[in-house]
Every structure is written in C-alpha cells, then in structure tokens.
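Start at 1 and go down the list; that is how both ligands and their atoms are numbered.
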Amino acid sequence: MNAVLEAPQTVGIRPLRDVSDPLSLEILELKRRHNAVILAHNYQIPEIQDVADYVGDSLGLSQQAARTPADVIVFCGVHFMAETAKILNPNKPVLLPDQDAGCSLEESCPADRLAALQRTNPNFYTIAYINCSAAVKAISDVICTSGNARKIVENAPKDRDLLFVPDENLGAWVTEQTCRPMTLWKGNCYVHVEWTHNAIQRIRREHPGAPVVAHPECTKAVRMLADEVCSTEKMVTYCRQNPAKAFVIATEAGMLHRLRRECPDKVFIPAPTERCACNECRFMKMNTLEKLRDCLRDRTPEVLLPANILEKARLPIERMLEISARP
Ligand code: 13P
Ligand code: SF4
C-alpha cells in the first residue's frame with residue numbers, strides 16, 4: 001500500500017454528539033452491525049452530520065476514505081465524492097444514500113469535451129478539482145481540492161502549460177496566489193455564484209465587526225470583499241482562532257451547523273444573496289436520514305465504476321494525497 005495512505009491521521013474521527021431519536025439510533029446500530037463508517041461532508045443536513053463518524057471537507061473526506069479500516073463506506077455527500085472513496089477502496093462497497101446527488105461543476109465538464117481540449121495542446125498538464133467525474137479524473141494528471149489547490153499548483157511541473165478544470169473561480173483564485181497562468185475551464189458552482197458584491201457590501205455594513213469568510217468557488221467580486229477565502233474545513237480553524245465573536249459565512253448553508261457545533265460561543269451569519277439568505281445545494285440536500293438508514297440496511301445504492309476508470313483515476317488522486325502530505 002502507498003506509504004502516504006498509512007501516514008498517521010492529521011484529522012481524527014470526530015466523536016459522535018449525543019443522538020437519541022429512534023431513526024438515528026437505528027442508523028448507529030446498522031452501522032455497528034455492518035462495520036460501516038459514515039463519512040459526511042460539511043454541507044449535509046445537521047441530522048446526518050450528527051450521526052457521522054467524520055464530518056469534513058473534500059480533502060479530509062478523501063484522506064479518511066484512504067485510511068478507513070471499515071468494511072463498508074457510507075458516503076453522505078455527492079456522487080463525485082463517493083466515487084473518489086470507491087477509487088481509493090476498489091474492493092469495498094461504497095454506498096451513497098441518493099445516487100442522484102450530483103454537482104453542477106461535475107456536469108459542466110464531460111470527459112469527451114475535456115479530452116478534445118487536451119488534444120489541442122500536448123503540453124497541457126491537467127489539474128482537476130475533485131468536483132468532477134471519475135472519467136475526468138482518469139484523464140487528469142493530478143487532482144486538487146479547495147484545501148490544497150495552491151500547493152498542488154505550486155508543485156506542478158514548471159515546463160508544462162497548466163489546464164485547470166472545471167471551476168473557473170477556484171482556478172482564478174489559485175492563479176492570483178501562485179502567479180501561475182492557467183487555462184481555465186468555464187465551469188462554476190451554481191450555489192456559490194449566487195453571492196454578489198452588492199449583497200456582501202450590504203451585510204458588511206450591517207455587521208461591521210464580523211469578518212467575512214468566503215469559499216473560493218465564489219466570484220472574484222465577492223472574494224475581494226472577504227477577510228478570508230478558504231475551504232470549508234479551514235473555515236472551522238479560522239473562526240476558532242479569530243477573536244471575533246461573529247462571522248459572515250459565504251458558503252452552503254450546511255456549514256453553519258458544523259461551525260455552530262465547533263464554536264458554540266460564536267455567532268455565524270449566512271451571507272445573503274440578492275434573492276434570499278438560504279444557499280442550499282439541492283444535490284447535497286438530497287440525502288436524508290431515512291435514505292441513509294435504507295442504504296445501510298439494504299446496502300444499496302452502491303457506487304460502481306468500470307475497472308479501467310478505477311485504475312486510471314487512482315493515480316492522480318494518490319498524487320494529490322502524496323503532495324498534500326508533504327510539509
Ligand atoms: P470543500 O472541499 O471546501 O468542502 O468544498 C466542497 C464543495 O463542494 C464546495 O462547494
Ligand atoms: Fe457542487 Fe456547488 Fe453543490 Fe458543491 S455546492 S456539490 S460545488 S453544486
């Protein structure tokens with residue numbers, strides 16, 4: 001096994017919060033019976049976060065998936081995340097409570113269109129944001145998440161032309177920090193592009209002492225007003241360490257539960273858009289406690305991938321984990 005995958009954990013399995021409703025207790029019992037692990041993204045509904053063994057961002061979830069000794073992985077997130085867990089664990093069942101939980105970024109970048117663009121420049125080195133299909137990962141050189149994108153780009157070969165897919169906003173943010181020009185795929189997250197410069201300026205005026213924390217999938221017009229731009233997991237660290245008592249959060253609404261759980265003495269204000277203050281990813285919200293119970297009980301829906309994709313997509317993910325683990 002790859003040495004990186006055996007490295008000591010940098011983030012531990014989170015202890016469960018007390019849950020006492022019958023459905024959550026049934027899930028915990030099924031989990032024990034199947035020797036399963038429940039991995040949940042920060043955007044999952046609070047009830048799912050509270051029964052999960054680990055809650056985190058895409059990077060932390062991939063690291064956990066790479067190391068788990070469990071027999072079964074239940075992935076409470078979206079399809080590309082569960083696929084990543086499957087690629088790292090080809091011999092284990094990986095379950096996703098709702099198999100229709102997709103992602104607008106993944107949809108924007110079909111593998112055949114990416115392959116056609118790659119053919120226009122044999123010197124392209126393709127860096128794929130983890131929010132893409134397994135087929136796209138299989139034809140990419142390295143994967144990144146919002147938590148390690150800067151490091152991955154800094155470590156890319158200097159003599160290659162960088163092609164960054166599929167999030168143009170994350171790609172532009174990394175270029176600003178690394179000064180490394182990249183060809184950007186024109187994809188975006190339909191949730192994060194809802195925040196506007198005007199709406200953030202308004203909320204800043206209403207809460208003058210509250211730092212604004214934004215995800216790099218937001219547009220530049222929003223990022224330039226933010227005090228901190230980072231992955232969802234780094235939001236937890238930032239808010240914990242910053243002495244401020246209130247924060248404006250520009251990312252998907254599920255993050256507020258995680259932050260309130262980690263920093264119970266602080267106030268988290270959802271950043272408003274022009275239309276409403278409730279930025280929920282419809283894909284992330286497809287998973288429910290009932291579907292989680294059913295998938296554990298029936299061991300379906302299971303994520304399955306063709307053998308050639310499993311094999312080819314593993315290398316760029318392992319390359320990401322290896323670069324991420326470097327000091
Ligand atoms: P993180 O890796 O920062 O949690 O981002 C995942 C995601 O889908 C953001 O929209
Ligand atoms: Fe995809 Fe955006 Fe939903 Fe994240 S929040 S899963 S990027 S659609």
Review point. Do R297 and D294 sit within salt-bridge range, that is, some charged N less than 4.0 Å from a carboxylate O?
Key: yes

Review point. Less than 3.5 Å between some nitrogen or oxygen of T232 and one of ligand 1, yes or no?
Key: yes

Check your understanding: Distance only, no hydrogens: is a donor on one side chain within 3.5 Å (strictly under) of an acceptor on the other, for N287 and Q44?
Key -> yes

Check your understanding: Looking at ligand 1, does N131 have a heavy atom less than 4.0 Å from it?
Key -> yes

Review point. Under 4.0 Å from any heavy atom of S231, which atoms of ligand 1 are there?
Key: 3 (O)

Review point. So does E233 pair up with R258, basic N to acidic O under 4.0 Å?
Key: yes

Practice item. Using the salt bridge (charged side-chain N to carboxylate O under 4.0 Å, His left out) rule, pick out the option among R150, K158, K151 that qualifies with E154. Key: R150

Point to revise | Closest approach of any protein heavy atom to atom 2 (O) of ligand 1, naming residue and atom | key: S58 OG, 2.9 Å

Check your understanding: Which word best sums up how the rings of Y43 and H192 line up, parallel for under 30°, tilted for 30 to 60°, or perpendicular for over 60°?
Key -> tilted

**Study point:** Residue E217 vicinity, atoms of ligand 1 by number, heavy atom under 4.0 Å
**Key:** 7 (C), 9 (C), 10 (O)

**Study point:** Residue part near ligand 1, for E233, under 4.0 Å between non-hydrogen atoms
**Key:** neither

Exercise for review: List every atom of ligand 1 that sits less than 4.0 Å from any heavy atom of H192, numbering the atoms from 1 in the order shown and giving each element.
Suggested key: 10 (O)

Review point. side-chain contact (heavy atoms from CB on, under 4.5 Å) between V51 and L289: does it pass, once the steps are laid out?
Key: CA-CA 9 Å; V51 294; L289 265 190; 4.2 Å; yes

Review point. Between R293 and E290, does at least one N-O distance fall below 4.0 Å, as a salt bridge requires?
Key: no

Check your understanding: Protein N, O or S atoms at less than 2.8 Å from atom 1 (Fe) of ligand 2, how many?
Key -> 1

Point to revise | Enumerated ligand 2 atoms positioned under 4.0 Å from heavy atoms of E217 | key: 7 (S)

Exercise for review: Answer with yes or no whether H41 contacts ligand 1, where contact means a heavy atom under 4.0 Å from a ligand atom.
Suggested key: yes

Practice item. List the steps, then state whether side-chain contact (heavy atoms from CB on, under 4.5 Å) holds for S24 with D50. Key: CA-CA 9 Å; S24 299; D50 292 348; over 6 Å; no

Review point. Which is it for D57 and ligand 1 at heavy atoms under 4.0 Å: side chain, backbone, both or neither?
Key: both

Exercise for review: Look at atom 5 (O) of ligand 1 and say which protein heavy atom is nearest, naming residue and atom and giving the distance to 0.1 Å.
Suggested key: H215 NE2, 3.3 Å

Review point. Looking at ligand 2, does E252 have a heavy atom less than 4.0 Å from it?
Key: no

**Study point:** Residue from K137, E83, M81 passing side chain to side chain contact (heavy atoms under 4.5 Å, CB included) with I130
**Key:** K137

Point to revise | ILVMFWY network linking L88 to I323, side-chain heavy atoms under 4.5 angstrom | key: yes

Review point. How about Q99: does its CD atom have over 12 heavy atoms from other parts shown lying under 6.0 Å from it?
Key: no

Practice item. Run the salt-bridge test on K234 and D57 with the 4.0 Å N-O cut-off and return the result as yes or no. Key: no

